[in-house]
Structure formats: structure tokens, C-alpha cells
Amino acid sequence: MPDPVVTRFAPSPTGHLHVGGARTALFCWALARRAENDGSGGRFVLRIEDTDQARSSDAASAGILEDLAWLGILWDDGPEFSTHQEGRASSPPGVIGGDSRGVGPYYQAQRLDLYNEHIAKLIEADAAYPAFESPDELEAKRKEAIDAKVGYRYDRSALDIPRDERMARLAKGDDHVVRLKMPDEPITVHDQVLGDVTVGPDEFDDFIIRKRDGFPTYHLAVVVDDALMGVTHVLRGQEHLINTPRHIALQRALGFDTPTYAHMPLIFNPDGSKMSKRDKDKAAKKACKDAGVDAPPVASVSGEAFKKWMKDKTRQLPSDQLRELAAAVGVTLPEIDVEDFRRAGYLPGALCNFLALLGWNPKQKTADGKDLETFDNAFLAEHFDLKGIGKGQAKFDRAKLLSFNSDAIGRLDDAEFARVWRDWAGAYDPELVSKLGDDKIALFAGAVKPRCKTLADGRGVVQFALVDDDGYEFDGKAVHKAMLKGDAKGLEMLQTFAGALDAIDPWDAPTIDAAVEAFASEHEVGMGKIAQPIRVAVTGAGVSPPLGVTLAVLGRESVQARIERCLAFAEQA
RNA sequence: GGCCCCAUCGUCUAGUCAGGUCCAGGACACCAGGUUUUCAUCCUGGUAACGCGGGUUCGAAUCCCGCUGGGGUCACCA
């Protein structure tokens with residue numbers, strides 16, 4: 001039996017979950033599930049890397065948990081999380097995470113003793129040493145190196161201090177960092193995606209493993225935790241490739257096994273730039289600049305904050321403020337974080353499917369001989385493998401994602417669609433729910449579904465039912481085309497039909513459709529001559545869902561009132 | 001700039017490891033038709049790629065070298 005596979009996703013809680021991170025998490029999850037399905041055992045660990053005290057926040061880590069759970073990427077070991085959501089039929093009660101193997105806690109800030117224990121061992125063995133230079137001193141040396149156009153490396157001047165003295169200063173509590181003595185030999189990473197990558201010793205200096213504030217650096221924490229948590233496979237973005245030799249050196253110094261590594265290509269914007277959280281601020285800044293906005297257009301942003309933000313390319317606004325501001329200047333922010341896609345009305349399954357294909361390929365055919373592209377997370381759990389990960393960098397193609405999303409929506413049956421649409425609106429468009437109610441949402445489902453690429457699109461389709469009977473404008477062109485053009489037959493038909501409304505019983509979509517058809521043949525006109533005038537009358541425009549549904553949702557009284565209002569309008573025109 | 005990674009239609013990719021079945025297949029987008037009372041859905045067809053230059057070989061998208069291009073990384077961030 002093959003060895004059990006333990007993977008982990010280890011985000012730092014400095015903001016929402018980025019789609020790149022989501023893909024990494026998905027693959028890590030899938031690899032563990034796959035191993036489990038193969039009978040060799042698999043666990044997926046979620047660990048929060050909050051060793052940067054200044055940038056980490058509880059809100060961010062809660063958001064990441066939420067985003068992962070929404071995507072259906074559920075962890076075995078890690079922070080406990082309730083998947084139940086109030087008011088959502090689609091999320092049954094349940095708690096995931098926990099520490100069944102006893103290798104927690106899963107927040108690094110709670111593991112300081114563990115790190116210090118290992119750092120002490122390293123110092124004891126002379127594999128690491130305290131260094132007492134101040135950040136300013138180091139900065140000066142770094143600048144010197146840059147001016148001389150040579151690569152900067154730490155010069156090991158701390159080692160000039162006799163060992164006894166170093167240890168004495170350490171014991172006394174002098175401000176210091178701890179550095180690892182890097183071995184003077186090349187290190188090879190056996191990467192499952194890229195093959196062997198060897199980096200020479202000149203590329204590394206004695207990097208810091210514990211900061212002045214007593215917190216470990218990422219390098220130390222990640223190596224200690226992965227080893228203590230039994231992680232066997234590390235999947236991460238290619239930006240970490242160059243860190244891996246450092247981690248291997250650390251593992252050797254600590255006597256740990258080296259896990260299997262797989263570094264995957266990064267995800268880019270269509271213009272080739274790296275897909276970054278800052279893109280949202282960038283878009284908003286540009287819109288403000290183009291519109292000549294020089295004071296904050298919303299109350300939630302202070303004048304000073306706005307000014308600073310506009311001036312500094314790297315400065316970011318809190319996401320809710322940014323959204324408000326974007327709405328005020330009328331710009332649509334690009335979706336970057338998982339939360340953005342959720343808000344925009346994407347289905348988690350479609351996002352996962354698309355993300356999985358961005359860098360991985362199942363290399364399977366469908367029944368009709370085409371490349372298999374549509375699959376769910378359960379498929380990944382059964383078929384995901386490291387071999388299918390590509391090497392090339394990928395651009396994030398929104399059009400294709402959109403297509404995946406509308407296909408995924410199309411595969412829902414009407415009842416399922418009504419449920420996810422309602423759940424989505426409950427969170428992001430409460431007015432829709434309050435005005436329509438669950439009944440009309442269900443009534444609309446079949447008509448709205450094929451007209452939606454995202455759940456947010458639904459609003460446009462049902463807009464006519466959201467307004468009062470006198471709360472919409474008639475499109476003059478549409479009225480003319482449907483009713484007044486030529487012999488004004490449309491207008492006549494509409495008048496006649498208005499008088500026949502009471503005879504339709506029951507008032508539901510099939511009966512209404514049948515009645516309209518009967519009306520057309522009785523009066524010897526094509527469907528277009530009667531359906532279009534009615535459509536324009538009750539919605540104001542020539543485009544709407546099928547007539548039966550449109551009228552059924554509005555209700556008989558509304559239809560009557562709207563037709564009468566339209567008749568009055570047409571006579572004036 | 002040093003080091004490292006990558007390179008097939010506009011985009012995501014299959015094919016590359018084990019060279020011929022590939023004048024390169026699929027998907028999205030785009031274009032043209034068709035179905036439909038509107039819109040959308042849906043159906044059919046089409047345009048479109050092996051970055052460049054050298055090798056190796058009877059034969060290269062596939063192997064080798066160089067070039068070009070893209071990317072990553074050089075923090076007391078992760």
C-alpha cells in the first residue's frame with residue numbers, strides 16, 4: 001500500500017483569498033482526496049501563517065476560511081469552522097477542521113514555543129547563530145552593494161564575534177535576529193512539475209529564521225510545521241521555487257525529511273501582468289483620475305485617506321470602501337479574490353472547474369471524443385495527479401470562465417437554480433428577495449436560468465417585475481414597431497386582448513400561453529402581432545422572458561393596469 | 001543586472017517523456033447559417049497556432065544548441 005499523503009494549504013491572513021491561492025488550495029485538497037480514494041490515506045491540512053504581526057488580521061483569516069468552504073475545499077485538520085449559514089437552504093449544518101491527529105494548533109502565532117525549541121537546537125549545534133546588527137546597519141550595507149552593482153549577501157560579520165560572547169549577549173537578551181548557516185554546496189530540488197532544479201551556494205546567504213520581535217520567519221515556521229504536521233507533499237506557486245533550497249537546508253539541519261515538492265505556474269491577467277489584489281485599487285484610481293475626481297466621492301473615505309491613496313500606487317483601500325467608491329464613480333472593479341467572484345454571481349463549482357483547468361489537465365476524452373473539460377470537485381478527488389500540471393504560465397480568461405458559469409447554471413434544474421439564485425440574492429441583492437419573494441423566484445426560475453451568465457444577471461431579466469405598474473418607461477421605438485407601424489394592427493389586437501383577460505383561468509404560464517395562441521388563430525394574426533404588443537405593454541420594451549411566465553408573475557391586475565397605461569401612451573403618440 | 005523557470009490558434013490547452021498515425025485535436029472568443037412570438041438558450045459550419053535560427057535523423061511540434069520573448073526571485077513579507 002502506498003504511503004499516506006498529507007498536503008496543506010497555508011495562507012497568510014492579510015486579505016481575502018486570491019484566485020491563485022484558491023487554485024493551490026484546490027489542488028492540495030484534491031491530491032489528498034485522491035490518495036484517500038486510492039486507499040493509501042490522505043489528509044488535507046489548513047494552517048494559518050500569521051507570523052507577520054503587522055499585516056495579519058482575524059477578519060482576514062475568517063474570510064479565507066469562509067471562501068474555502070464556499071468553494072467546497074474542506075479541510076480535515078485545521079481551524080474549526082461551521083459550514084452552516086443562517087438562512088441558506090444550501091448549507092446544511094456541519095463543522096469541519098479540528099485536531100484529530102494532535103498536531104495543532106493551526107495558527108502559527110500559537111506555536112512560538114515549538115519554533116523556539118527548534119531554533120535553540122540549531123543554535124546549540126552551531127547550525128544557526130544570533131546576529132546583532134540593526135536593520136539600519138544592514139540597510140546601509142545593502143545599499144553599498146547595490147551602488148557597487150554587486151548582489152547583496154549577508155557578510156557573516158556576526159560570526160566575527162567569539163562564540164562565547166555571542167551566546168552571552170543572547171542570554172542577556174540583546175536585540176538580535178537568528179540566522180541559519182547555509183551550507184557551501186549546491187542544493188537540488190526534485191520538483192514534480194519542473195524536474196530537477198539546482199541552485200548554487202552563491203545564491204544564498206545566511207537568511208534570518210527568527211526576527212527581532214521573536215517571531216519566526218516564514219522559512220523556519222513552514223519547515224518546522226510541515227515536518228511536525230507530517231506533510232508529505234508541498235504544492236505551491238512558482239514564486240516559492242527559489243525558497244525551496246533554503247527550506248531543504250533547514251530540513252537537513254533539523255534532521256527532517258524533505259517532502260515532495262511541486263511548484264506550479266502563476267496566473268496572469270490577459271495583458272500579461274501578474275494578477276494581483278492591487279488591480280482593483282488600480283482600476284478605481286484610474287477611474288477617479290479619468291473623471292477628474294479630486295475629493296472622496298463617498299463619505300466612508302476621508303479626504304486625507306483619499307489623497308494618500310490616489311498618490312501612492314501601492315496603497316490599498318479596505319474592500320468595502322473601495323467597492324463603494326467604485327460604485328460612486330461608476331467603474332466595475334475586476335474580480336480578483338474568491339469573494340469578488342462570489343459576489344458577482346459565479347457558482348463555486350464553475351470557478352473550481354475553471355481554476356483547475358488553468359494549469360492542470362485531466363487528459364481524458366468525453367464520450368463523443370472531445371477533450372474532457374467539464375468536471376466537478378468529486379472528479380478531481382478521483383483523478384487529480386501531479387503529472388497533469390502544466391509548466392506554462394496561464395492567463396486568466398474571463399470570457400471562458402463566464403461561459404463555464406453559464407453552462408454550470410444551465411445544468412441546474414429549475415428548483416436548484418431557484419435555490420442558489422435566492423441564496424445569492426439573499427446575500428448580495430436583498431431587495432430582489434423582498435420584492436419578489438420565494439414564490440415568484442421559483443416561478444421565474446425556468447425563464448431566468450438560460451438568460452443568466454451569472455446569478456447577478458438575473459436582476460436584469462426580472463427588472464420589469466420589480467417596479468410598480470406605473471414605474472417604468474415605454475420604449476417609444478418598441479411601441480411604434482409593435483403597435484403603430486403600418487395598419488396599427490398591433491394596437492387593435494392589444495385593445496381586444498385587454499378585454500379578454502378575465503377569461504383566462506387559471507392564471508398560470510401554460511394557460512396564458514395557450515390563451516394567447518388561441519387568440520392569435522382566432523383573429524388570424526401571427527404570434528408576433530399579439531405577443532409583442534403585450535410584451536411591450538407590460539414591460540416597456542420588446543425583450544422579456546417568454547410571455548406566459550412574464551404575465552403569470554405580474555398577476556392579472558398588474559397586466560390589466562399595464563396594458564391600459566400602454567394603450568393611453570400609444571394613443572398619445 | 002545575477003540566478004532560476006517557461007514557450008502550440010487571440011485565450012486555456014491535447015499532442016512532447018518512449019520522433020512518423022499531426023499539412024496539429026478540443027474548448028472559449030470571433031464570423032456565417034439554422035431553430036425560436038422577443039431576448040436568451042440550443043444546433044450546424046468556418047477562420048485561426050507548433051516564437052526565430054542552427055543542428056541530429058530517412059523523418060522533428062516532439063531530441064540537442066543558440067537567440068528572442070515572457071515570468072519568478074534577490075526583505076527582520078509570506
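Letters A, B, ... mirror the listed sequences (proteins, then strands); counts begin at 1. These values consider heavy atoms only, across backbone and side chains, with no hydrogens, waters or symmetry-generated copies.
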Asker: Of A/R153, A/R156, A/R246, which meets salt bridge (Lys or Arg N to Asp or Glu O under 4.0 Å) against A/D206?
Answerer: A/R156
Asker: Nearest 0.5 Å please: distance from the CG atom of A/L358 over to the CG atom of A/N353.
Answerer: 11.0 Å
Asker: If you restrict it to nitrogen or oxygen atoms, what contacts under 3.5 Å exist between nucleotides 34-41 of chain B and the protein, and what is each distance?
Answerer:
from	atom 1	to	atom 2	distance (Å)
B/U37	O2	A/R535	NH2	2.9
B/U38	O4'	A/Q532	OE1	3.0
B/U38	O2'	A/G542	O	2.8
B/U38	N1	A/R535	NH2	3.4
B/U38	O2	A/S544	N	2.9
B/U38	O2	A/S544	O	3.0
B/U38	N3	A/R535	NH1	3.0
B/U38	N3	A/S544	O	2.7
B/U38	O4	A/P546	N	3.4
B/C39	O2	A/R451	NE	2.6
B/C39	O2	A/R451	NH2	3.4
B/C39	N3	A/R451	NE	3.4
B/C39	N3	A/R451	NH2	2.5
B/C39	N4	A/R451	NH2	3.4
B/A40	O2'	A/P450	O	2.5

Asker: For B/C9 versus B/C4, give the span between their C1' atoms, rounded off to a whole number of Å.
Answerer: 29 Å
Asker: Test: ring-ring contact (aromatic ring centres under 6.0 Å, His included). Region: residues 192-217 of chain A. Which pairs qualify, not counting sequence neighbours?
Answerer: A/F207-A/H219
Asker: Does B/G51 have a Watson-Crick or wobble partner in any strand here, with both distances under 3.5 angstrom, and which is it?
Answerer: B/C67
Asker: What interatomic distance, in whole Å, is found between C1' of B/G25 and the corresponding atom of B/A14?
Answerer: 7 Å
Asker: The criterion is side chain to side chain contact (heavy atoms under 4.5 Å, CB included); which residues satisfy it with A/P270, sequence neighbours excluded?
Answerer: none
Asker: Determine the interatomic distance between C1' on B/C42 and the same-named atom on B/G53; round to the nearest Å.
Answerer: 49 Å
Asker: When we call it a touch if two heavy atoms are under 4.0 Å apart, what does A/F268 touch: a base, just sugar-phosphate, or nothing?
Answerer: sugar-phosphate
Asker: Taking the C1' atom of each, how far is B/U56 from B/U68, in whole Å?
Answerer: 23 Å
Asker: Any strand counts, and the cut-off is 3.5 Å on both contacts for Watson-Crick or G-U wobble. Which nucleotide pairs with B/A32?
Answerer: B/U44
Asker: Indicate yes or no for a side-chain donor-acceptor contact from A/E203 to the backbone of A/G200 under 3.5 Å, with no hydrogens or angles considered.
Answerer: no
Asker: Nearest whole angstrom, please: distance from the P of B/G72 to the CG of A/L241.
Answerer: 13 Å
Asker: Do the charged groups of A/R142 and A/E139 touch, with an N to O distance under 4.0 Å?
Answerer: yes
Asker: Do A/D279 side-chain atoms and A/S276 backbone N/O form a donor-acceptor pair below 3.5 Å?
Answerer: yes
Asker: Judged by atom type as modelled, is there a donor-acceptor pair below 3.5 Å linking the side chain of A/D475 to the main-chain atoms of A/G540?
Answerer: no
Asker: Sort out the partner of B/U21 for me: Watson-Crick or G-U wobble, both distances under 3.5 Å, none otherwise.
Answerer: none
Asker: Please tabulate the protein-to-nucleotide N/O contacts below 3.5 Å involving nucleotides 12-20 of chain B, giving atom names and distances.
Answerer:
from	atom 1	to	atom 2	distance (Å)
B/C12	OP1	A/K395	N	3.0
B/C12	O2'	A/L357	O	3.4
B/C12	O2	A/K400	NZ	3.3
B/U13	OP1	A/G359	N	3.2
B/U13	O2'	A/N361	ND2	2.8
B/A14	OP1	A/K363	NZ	3.1
B/G15	OP2	A/K363	NZ	3.1

Asker: Give me the distance, rounded to whole Å, that separates B/G15 from B/U35 when you measure between the P atoms they each carry.
Answerer: 40 Å
Asker: How would you list, by chain and number, every residue that makes a side-chain hydrogen bond (donor to acceptor under 3.5 Å, both in side chains) with A/Y107, sequence neighbours excluded?
Answerer: none
Asker: So, applying ring-ring contact (aromatic ring centres under 6.0 Å, His included) with A/F341, which one of A/F404, A/F396, A/F354 is it?
Answerer: A/F396
Asker: May I ask you to decide whether A/K143 forms a salt bridge with A/D147, counting only side-chain N to carboxylate O separations under 4.0 Å?
Answerer: yes
Asker: Can you tell me how far C1' in B/C12 sits from the matching atom in B/A29, rounded to whole Å?
Answerer: 11 Å
Asker: CE of A/M275 versus P of B/G71: gap in Å, rounded?
Answerer: 16 Å
Asker: For atom P, what is the distance between B/C17 and B/C6, given to the nearest Å?
Answerer: 16 Å
Asker: Taking only the C1' atom of each, what is the distance from B/U41 to B/A49 in whole angstrom?
Answerer: 31 Å
Asker: What does B/U62 pair with, Watson-Crick or G-U, if both distances are under 3.5 Å?
Answerer: none
Asker: Could you please name the partner base of B/G1, counting Watson-Crick and G-U wobble pairs only when both distances are under 3.5 Å?
Answerer: B/C74
Asker: Measuring from atom CG of A/D50 to atom CZ of A/R55, what distance do you get when rounded to the nearest 0.5 angstrom?
Answerer: 12.5 Å
Asker: So, is A/K370 close to the B/A27 phosphate, meaning a side-chain N or O under 4.0 Å from OP1 or OP2?
Answerer: yes
Asker: Before accepting this row, confirm whether a basic side-chain N of the pair A/E373/A/K400 lies closer than 4.0 Å to the acidic partner's carboxylate O.
Answerer: yes
Asker: I need the CG-P distance between A/L401 and B/A29, as an integer number of Å.
Answerer: 12 Å
Asker: Separation of A/L372 atom CG from B/G25 atom C1', in whole Å?
Answerer: 15 Å
Asker: Going 5' to 3' through nucleotides 73-78 of chain B, assign each nucleotide B (protein heavy atom under 4.0 Å from a base atom), S (under 4.0 Å only from sugar-phosphate atoms) or - (no protein heavy atom that close).
Answerer: S-SBBB
